[in-house]
Amino acid sequence: MKWTKIAVNLPGLAILLFIAVACKPQMEELSFETIAQKDIINYREESPALFVIANNDEIDALVPNVLAEDPLLVDQLRQLDYDHFFAILVLQGQKGSTGYAVTVKQIVRQGSQVMIKAEFVEPSPGAFIKPAFTSPYHLVVVSQARQWGQEVKFVLVVNDESVAEVSHFIP
């Protein structure tokens with residue numbers, strides 16, 4: 001008798017499972033374009049960092065501590081149409097030599113969370129490097145073509161590990 005009740009309820013359970021999966025926000029890969037990707041910037045922290053720039057005031061906040069040494073980059077950021085785009089700055093952290101690099105590989109949104117999947121490159125053994133303080137970064141621009149207008153949690157993921165995160169309102 002128990003098996004008949006379970007068999008009768010299977011279609012109901014299947015419908016509930018379908019509804020639960022359908023209601024979960026779907027993952028959406030976001031397209032992005034590189035604005036700049038170099039190994040020198042005015043970021044002095046050793047740990048990775050993530051900055052989201054959604055208006056000109058946020059550029060001003062980054063100039064003294066992060067963007068001070070690159071006025072061309074500041075000009076490029078000021079030229080963005082922040083009604084349709086926002087920028088993401090991924091920093092690997094300050095290094096003691098050349099040969100390091102950061103590359104954003106993929107940006108994925110699921111509801112109110114955005115994962116930035118990046119690769120951090122280190123100099124290979126025996127590679128020619130120069131002693132110098134560098135801070136590798138990758139600055140990308142993302143379209144606001146989809147519905148935003150909310151606080152979004154941005155998570156920087158390197159080697160399947162979250163290394164930095166920040167919450168930011170995207171208009």
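Keep in mind it's a predicted model, so treat the numbers as computed, not measured. Along the sequence shown, residues are numbered consecutively beginning with 1.
- Within the structure, the salt bridge (charged side-chain N to carboxylate O under 4.0 Å, His left out) test picks out the following pairs touching residues 71-86 (sequence neighbours left out): D60-R78.
- In terms of heavy-atom proximity, A68 sits nearest to P64 at CB-O, 3.9 Å.
- One hydrophobic cluster holds both L50 and F86 under the rule that ILVMFWY side chains link at heavy-atom gaps under 4.5 Å.
- Scanning for side-chain hydrogen bond (donor to acceptor under 3.5 Å, both in side chains) contacts around E45 gives an empty result, with sequence neighbours left out.
- Put simply, the side chain of F51 reaches to within 4.5 Å of the side chain of L62, judged on heavy atoms.
- There is a side-chain donor-acceptor pair under 3.5 Å between Q106 and E29.
- At least one side-chain heavy atom of Y82 sits under 4.5 Å from a side-chain heavy atom of N56.
- At most 12 non-hydrogen atoms from other residues, nucleotides or ligands lie less than 6.0 angstrom from CD of E46.
- With values rounded to the nearest 0.5 angstrom, H138 atom NE2 is found 6.0 Å from F32 atom CZ.
- Of all the heavy atoms in A54 and P171, the pair that sits closest is CB-CD, 4.2 Å.
- To the nearest 0.5 Å, atoms CG (N159) and CZ (F120) are separated by 9.0 Å.
- Contact between P123 and I129 at its shortest, heavy atoms only, is CB-CG2, 3.7 Å.
- Contact detail for F85 and S143: the closest heavy-atom pair is CD2-CA, 3.7 Å.
- A chain of hydrophobic side-chain contacts below 4.5 Å, direct or via other Ile, Leu, Val, Met, Phe, Trp or Tyr residues, connects V74 to V141.
- When side chains are defined from C-beta on, L156 does not count as touching I88, because their heavy atoms never get closer than 4.5 Å.
- Considering only heavy atoms from C-beta on, Q144 comes within 4.5 Å of I170 through its side chain.
- You'll find the side chain of V108 reaches within 4.5 Å of the side chain of M27, heavy atoms only.
- Hydrophobic clustering of Ile, Leu, Val, Met, Phe, Trp and Tyr side chains at less than 4.5 Å, counting indirect connections, keeps V104 apart from Y100.
- Checking each of K117, Q92, E119, Q37 against T103 for a side chain to side chain donor-acceptor pair (under 3.5 Å) leaves exactly one that passes, namely Q37.
- For P48 against A164, the heavy-atom pair with the smallest separation is O-CB, 4.0 Å.
- Hydrophobic clustering, with ILVMFWY side chains joined whenever heavy atoms are under 4.5 angstrom apart, groups V102 together with V163.
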* Report the C-alpha separation of I59 and I53 in whole Å, then their side-chain angles, then the decisive distance to 0.1 Å, and conclude whether the side-chain contact (heavy atoms from CB on, under 4.5 Å) test is met. => CA-CA 7 Å; I59 298 168; I53 305 161; 3.7 Å; yes
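- In this structure, NZ on K153 lies 11.0 Å from CE on M115, to the nearest 0.5 angstrom.
- Between the CG atom of L91 and the OH atom of Y137 there is a distance of 9.0 Å, given to the nearest 0.5 Å.
- The two residues E151 and H168 have their closest heavy-atom pair at OE2-N, 3.3 Å.
- Taking the side chain as every heavy atom from C-beta outward, T134 and I41 never approach each other to under 4.5 Å.
- The aromatic rings of W148 and F154 sit parallel to each other, their planes meeting at less than 30°, with 60° as the upper class boundary.
- With contacts defined as side-chain heavy-atom distances shorter than 4.5 Å, the pair V52/V166 qualifies.
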* Could you walk me through whether I116 and V157 pass the side-chain contact (heavy atoms from CB on, under 4.5 Å) check? -> CA-CA 6 Å; I116 298 98; V157 177; over 6 Å; no
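- A distance of 11.5 Å separates OG of S97 from NZ of K130, quoted to the nearest 0.5 Å.
- Residues that satisfy the side-chain hydrogen bond (donor to acceptor under 3.5 Å, both in side chains) test with N42, not counting sequence neighbours, are R44.
- Remark: side-chain polar atoms of Q94 are not paired, donor with acceptor, to backbone N or O of F133 under 3.5 angstrom.
- In this structure, CG in L77 is found 8.0 Å from CG in L89, a value given to the nearest 0.5 Å.
- Heavy atoms of other residues, nucleotides or ligands lying less than 6.0 angstrom from CD of Q150 number more than 12.
- Taking hydrophobic clusters as Ile, Leu, Val, Met, Phe, Trp and Tyr residues chained together by side-chain heavy-atom distances below 4.5 Å, L80 does not share a cluster with V152.
- With a 4.5 Å cut-off on side-chain heavy atoms, K95 and S135 do not count as touching.
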